[in-house]
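Notes for the one structure printed next.
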Amino acid sequence: KNPDDFFSSLKSLIVSGHNFKVSVLGKTYQDVPEVFSEFKSTYPNYVAQWGPLDSREEYLNHLGSCDVIVSTAVHEFYGVAMLEGFWAGCLPICPNRLSYPEIYPRECLYNTPGQLTKPLRQL
């Protein structure tokens, strides 16, 4: 769904000295872009959770412990995971495309990878 922009933004934050933890939640598929394993192995100290949790309750509790939820999707029908994160109290940061402009306020939307990184720097 466009993980390159997501991990590029995270790497930019790391290079500029930001301290954070990232959780990559959800199902694991057979064909996973290399950028996932590359980030996880290169930056293990920045990983809070990687992969699915054991139950829906654990998943929702974990979302509740997060500050922000990010989408870099180029294909999405509705963005259910983003809605779950928003419901759990996370600040949504989404591309200004697909269904996101109809759901989230303008200040939560970005147009370029640079615009994605900007609100993350401010957290």
Side-chain angles (χ1 to χ4, degrees):
K1 290 188 175 187
N2 193 11
D4 291 328
D5 281 357
F6 177 69
F7 288 111
S8 176
S9 291
L10 296 183
K11 290 174 189 176
S12 173
L13 293 171
I14 291 168
V15 167
S16 47
H18 286 78
N19 188 18
F20 62 90
K21 295 284 186 179
V22 65
S23 295
V24 178
L25 306 175
K27 297 177 185 175
T28 303
Y29 297 94
Q30 286 186 2
D31 293 329
V32 177
E34 191 174 313
V35 69
F36 282 89
S37 59
E38 178 187 293
F39 184 89
K40 184 181 176 189
S41 64
T42 305
Y43 304 104
N45 293 336
Y46 289 88
V47 175
Q49 171 65 35
W50 199 272
L53 293 158
D54 292 333
S55 70
R56 177 126 178 100
E57 182 180 353
E58 283 184 66
Y59 168 75
L60 294 175
N61 285 336
H62 189 79
L63 281 179
S65 73
C66 297
D67 297 316
V68 64
I69 187 162
V70 175
S71 173
T72 55
V74 292
H75 181 270
E76 185 73 75
F77 289 110
Y78 190 64
V80 172
M82 289 296 295
L83 287 170
E84 290 172 334
F86 183 61
W87 174 83
C90 298
L91 170 69
I93 301 176
C94 333
N96 190 13
R97 59 180 175 257
L98 309 171
S99 63
Y100 299 124
E102 299 168 21
I103 300 170
Y104 300 103
R106 187 175 181 181
E107 57 271 10
C108 296
L109 305 173
Y110 67 89
N111 292 305
T112 67
Q115 288 178 342
L116 164 60
T117 306
K118 185 177 178 181
L120 296 174
R121 289 183 192 282
Q122 296 171 351
L123 295 174

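Only heavy atoms go into these numbers, but all of them, side chains included; no hydrogens, no water, no symmetry mates.
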Student check: side-chain heavy atoms of L10 and F20 closer than 4.5 Å:
yes
Does atom CD (Q30) have a neighbourhood of more than 12 heavy atoms from anything else shown, all under 6.0 Å?
no
Backbone of N45 reached by a side-chain donor or acceptor of K21 within 3.5 Å
yes
Shared hydrophobic cluster for L60 and V70 (ILVMFWY, side-chain gaps under 4.5 Å):
no
Shared ILVMFWY cluster between F6 and L98, side chains joined below 4.5 angstrom?
no
Is Q49 close to E58 at the side-chain level, that is, under 4.5 Å between some pair of heavy atoms?
no
For atom CZ of F86, is the number of surrounding heavy atoms from other residues, nucleotides or ligands below 6.0 Å larger than 12?
no
Given the rule that I, L, V, M, F, W and Y join up when any side-chain heavy atoms are under 4.5 Å apart, are V22 and L120 in one cluster?
yes
Does S99 offer a backbone N or O that forms a donor-acceptor pair with the side chain of E102 under 3.5 Å?
no
Hey, what do you get for CG (D4) to CD (E34), rounding to the nearest 0.5 Å?
10.5 Å
How far apart are the closest heavy atoms of G79 and Y100, and which atoms are they?
CA-OH, 4.0 Å
Under 3.5 Å, is there a donor-acceptor pair between the side chain of S71 and the main chain of A73?
yes
Side chain of T42, backbone of F39: donor and acceptor closer than 3.5 Å?
no
Let me know which of L91, I93, N96 forms a side-chain contact (heavy atoms from CB on, under 4.5 Å) with C108.
L91
Atom OG of S55 and atom CG of N61: how far apart are they, to the nearest 0.5 Å?
7.5 Å
Rounded to the nearest 0.5 Å, what's the gap from NE2 on H18 to CD on Q122? Could you check?
9.0 Å
Heavy-atom distance under 4.5 Å between the side chains of D5 and Y110, does that happen here?
no
Considering only heavy atoms from C-beta outward, does the side chain of R121 approach that of S12 to under 4.5 Å?
yes
How far does CG of L63 sit from CD of E84, to the nearest 0.5 angstrom?
6.5 Å
Nearest atoms (heavy-atom pairs only) where P113 meets S9
O-OG, 3.8 Å
Check whether more than 12 heavy atoms from other residues, nucleotides or ligands sit under 6.0 Å from atom OH of Y43, and answer yes or no.
yes
Quick check on the hydrophobic clustering: are V15 and L116 connected, directly or via other members, by side-chain heavy-atom contacts under 4.5 Å?
no
Applying side chain to side chain contact (heavy atoms under 4.5 Å, CB included), name anything that partners P3, two or more places apart in sequence or on another chain.
F7, P33, V35, F36
Atom pair CG (L83) and OH (Y78), whose distance is rounded to the nearest 0.5 Å:
5.0 Å
Got a second to check how far L25's CG is from W50's CH2, nearest 0.5 Å?
10.5 Å
Looking at side-chain heavy atoms only, is the closest gap between L109 and P101 below 4.5 Å?
yes
